[in-house]
Amino acid sequence: MKNFKIKKQNPILFFMMSVVLVVFLTAAQTSKWSAPDAAKKVANPVASDANSIAEGKKIYVSDCQKCHGKKGLGDGPNASELDNPLEALNSAGMKAQTDGELFWKISEGKKPMPSAKKTLSETQRWQVLDYIRTLAK
Ligand code: HEC
């Protein structure tokens, strides 16, 4: 009868392990940085033109380049101090996101990336977005 007990426990153990695995994978999935749905729908009020791109570039060089690198490849001089390697700003993941979502991310920041809400005006945040979009072209 001893054997019977072990056999009966194995499926339970397997089930418990599966639950733990599913919970873990779900947690890993949701920890990916994403903006609230309402923010994703916000349209970019600053048309991407020579002026917005030029203004955006100035902001990028002074506030963003140290981490994200000259071409947005995640290789700025401060990038080596970050715990995780930066995703390039011309990645497929970036292209898949709306302007509203990226504007929200730039505004809010996420440690170690600083929030730009207090340092840049709304217009400036859209301009820097217009600029980083050109890095993907
Ligand atoms: C201190 C270094 C640092 C600075 C300065 C910085 N960032 Fe970031 N940035 C990060 C990190 C780290 C992430 C990734 C955050 C995460 O996903 O956990 C990130 C993510 C982003 C993302 C999202 C990328 C994606 O794939 O979703 C955008 C857009 C972005 N940064 C733009 C900017 C802009 C624009 C500036 C300047 C106004 C800036 N960053 C300044 C470190 C920095």
Side-chain angles (χ1 to χ4, degrees):
M1 274 295 120
K2 219 181 171 198
N3 270 344
F4 175 71
K5 250 192 174 168
I6 292 167
K7 269 188 195 147
K8 226 189 158 182
Q9 269 172 3
N10 275 344
I12 296 168
L13 196 66
F14 179 75
F15 176 73
M16 302 266 276
M17 301 273 277
S18 307
V19 170
V20 168
L21 191 69
V22 167
V23 168
F24 176 78
L25 290 175
T26 312
Q29 187 71 36
T30 50
S31 75
K32 205 175 167 282
W33 194 19
S34 89
D37 284 346
K40 290 181 189 172
K41 291 185 194 126
V42 177
N44 185 345
V46 178
S48 175
D49 57 22
N51 177 61
S52 74
I53 291 168
E55 288 304 316
K57 182 172 184 175
K58 282 187 219 158
I59 298 161
Y60 184 84
V61 169
S62 72
D63 291 11
C64 321
Q65 188 164 297
K66 52 185 176 267
C67 291
H68 288 282
K70 202 163 191 236
K71 295 192 168 140
L73 300 178
D75 56 354
N78 289 5
S80 58
E81 292 163 24
L82 305 175
D83 292 339
N84 301 309
L86 278 175
E87 218 188 303
L89 293 178
N90 63 2
S91 70
M94 277 282 294
K95 279 182 217 166
Q97 297 180 59
T98 63
D99 278 0
E101 173 152 39
L102 296 173
F103 175 80
W104 182 87
K105 289 185 174 182
I106 293 167
S107 303
E108 299 300 320
K110 179 172 181 261
K111 242 180 166 184
M113 174 164 150
S115 153
K117 258 190 208 161
K118 293 195 184 111
T119 49
L120 301 173
S121 71
E122 276 198 25
T123 304
Q124 287 177 311
R125 279 175 265 150
W126 288 114
Q127 287 169 333
V128 76
L129 174 60
D130 286 346
Y131 176 68
I132 61 178
R133 285 290 196 199
T134 68
L135 298 173
K137 279 171 192 157

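Start at 1 and go down the list; that is how both ligands and their atoms are numbered. Just so it is clear, the values below take in all heavy atoms, side chains as well, and ignore hydrogens, waters and symmetry mates.
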### Basic-acidic side-chain contact under 4.0 Å: D37, K40
yes
### Salt-bridge contact R125-E122 (side-chain N to carboxylate O under 4.0 Å)
no
### Query
Do you know the tightest heavy-atom contact between K70 and L135?
O-CD2, 4.3 Å
#### Entry: Residue part near ligand 1, for A79, under 4.0 Å between non-hydrogen atoms
neither
### Query
For ligand 1, which atoms sit closer than 4.0 Å to a heavy atom of Q97?
25 (C), 26 (O), 27 (O)
### Message
If we ignore hydrogens and angles and just use 3.5 Å, is the side chain of Q97 paired with the main-chain N or O of L102 as donor and acceptor?
### Response
no
### Message
Grouping I, L, V, M, F, W and Y whenever their side-chain heavy atoms are under 4.5 Å apart, do M94 and Y60 come out in a common cluster?
### Response
yes
### Query
Backbone N or O of A116 within a donor-acceptor pair of the S107 side chain at under 3.5 Å?
no
### Query
Taking the inter-plane angle between the rings of F103 and W126 on a 0 to 90° scale, is it parallel (under 30°), tilted (30 to 60°) or perpendicular (over 60°)?
parallel
### Message
What protein heavy atom lies closest to atom 15 (C) of ligand 1? Include the residue and the distance to one decimal.
### Response
W33 CE3, 3.8 Å
### Message
Do V46 and L89 land in one hydrophobic cluster if side-chain heavy atoms of ILVMFWY residues count as linked below 4.5 Å?
### Response
yes
### Message
Quick check on contacts: which atoms of ligand 1 are under 4.0 angstrom from a heavy atom of P114?
### Response
4 (C), 5 (C)
### Query
What number of protein N, O or S atoms occur at distances under 2.8 Å from atom 8 (Fe) of ligand 1?
2
### Task
Output, in order, the C-alpha distance, side-chain angles, deciding distance and verdict of side-chain contact (heavy atoms from CB on, under 4.5 Å) for D63 and V128.
CA-CA 10 Å; D63 291 11; V128 76; over 6 Å; no
### K57 atom NZ, over 12 foreign heavy atoms within 6.0 Å
no
### Query
Is the shortest heavy-atom distance from the side chain of L86 to the side chain of L73 under 4.5 Å?
no
### Proximal ligand 1 atoms for P112, defined as those under 4.0 Å from one of its heavy atoms
1 (C), 12 (C)
#### Entry: Shortest reach to atom 29 (C) of ligand 1 by a heavy atom, considering only V128, T119, L120, L102
L102
### Nearest-neighbour protein heavy atom for atom 24 (C) of ligand 1, which is reported as residue plus atom name and distance
M94 SD, 3.7 Å
#### Entry: Which residue and heavy atom of the protein sit nearest atom 28 (C) of ligand 1, plus the separation
L89 CD2, 4.0 Å
### Query
How far is atom 18 (O) of ligand 1 from its nearest protein heavy atom, and which residue and atom is that?
K110 NZ, 2.8 Å
### Message
Return the closest protein heavy atom for atom 5 (C) of ligand 1 as residue, atom name and distance.
### Response
D63 O, 3.3 Å
